[in-house]
Amino acid sequence: MQTIVEELGLSYELVNYPEYMDVRLCFEENSHGGKALMDFFCQADSNLLSREQREEILYLLASKVTQQDGRKLVPIPAATMMIPKQIINDKYYT
């Protein structure tokens, strides 16, 4: 999105803000929610992972975890792009 806006020559403001995902269920064996999260992270059926691959993913998650109120939170990038109405080359962008 940012590349498209820049190519159009539009001005914008990008505001980054903290966002977190609770991955606690990934560390619980036989958790349906944990499996769904692992499927999401892998973009595939996590049952196809070898034991080593699963352990590597859990290790990576654990290295990013911040514990808070029993939750295991990992940061996920989040931002909002604000594009004001503007006129560029006689075209009105909203």
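This chain uses plain numbering: 1 for the first residue, then up along the sequence.
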side-chain contact (heavy atoms from CB on, under 4.5 Å) partners of I76, counting only residues at least two apart: E19, M21
Do any pairs count as a salt bridge (Lys or Arg N to Asp or Glu O under 4.0 Å) and have a residue in residues 60-71, sequence neighbours left out, and if so which ones? none
Give, for atom CG of L49 and atom CD1 of I57, the distance between the pair rounded to the nearest 0.5 Å. 5.0 Å
Hey, what else clusters with L73 if you join Ile, Leu, Val, Met, Phe, Trp, Tyr whenever side-chain heavy atoms sit under 4.5 Å? Y20
Salt bridge (Lys or Arg N to Asp or Glu O under 4.0 Å) filter on E28, not counting sequence neighbours, yields R24
With sequence neighbours left out, the residues meeting side chain to side chain donor-acceptor pair (under 3.5 Å) with E55 are R51
Contacts of Q53 that satisfy side chain to side chain donor-acceptor pair (under 3.5 Å) - sequence neighbours left out: S50
Return the set of residues passing side-chain contact (heavy atoms from CB on, under 4.5 Å) with A79 (not counting sequence neighbours), or none when no residue passes. L14, N16
Checking Q43 now: which residues fulfil side-chain contact (heavy atoms from CB on, under 4.5 Å) with it, not counting sequence neighbours? F40
Check the surroundings of atom CD1 in I4: do more than 12 heavy atoms from other residues, nucleotides or ligands lie under 6.0 Å from it? no
Note, K72 side chain near Q67 side chain (heavy atom, < 4.5 Å): yes
Residues in side chain to side chain donor-acceptor pair (under 3.5 Å) contact with Y12, at least two apart in sequence or another chain: Q2, E6
By salt bridge (Lys or Arg N to Asp or Glu O under 4.0 Å) - contacts of K35 (at least two apart): D39, D45
CG of L8 to OG1 of T3, rounded to nearest 0.5 Å, is 11.0 Å
Roughly how far, to the nearest 0.5 Å, is CG of L48 from CZ of R54? 12.5 Å
Is L60 reachable from V65 through a run of hydrophobic residues whose side-chain heavy atoms are each under 4.5 Å from the next? no
Looking only at heavy atoms, the pair that brings S11 and I83 closest together is O-CG2, 3.7 Å
ILVMFWY clustering at 4.5 Å (side-chain atoms), partners of M82: V15
Do S46 and F41 come close enough that some side-chain heavy atom pair is under 4.5 Å? no
Can you list the residues that meet the salt bridge (Lys or Arg N to Asp or Glu O under 4.0 Å) rule with E56, with sequence neighbours excluded? none
Here the gap from M38 atom CE to L58 atom CG, rounded to the nearest 0.5 Å, amounts to 4.5 Å
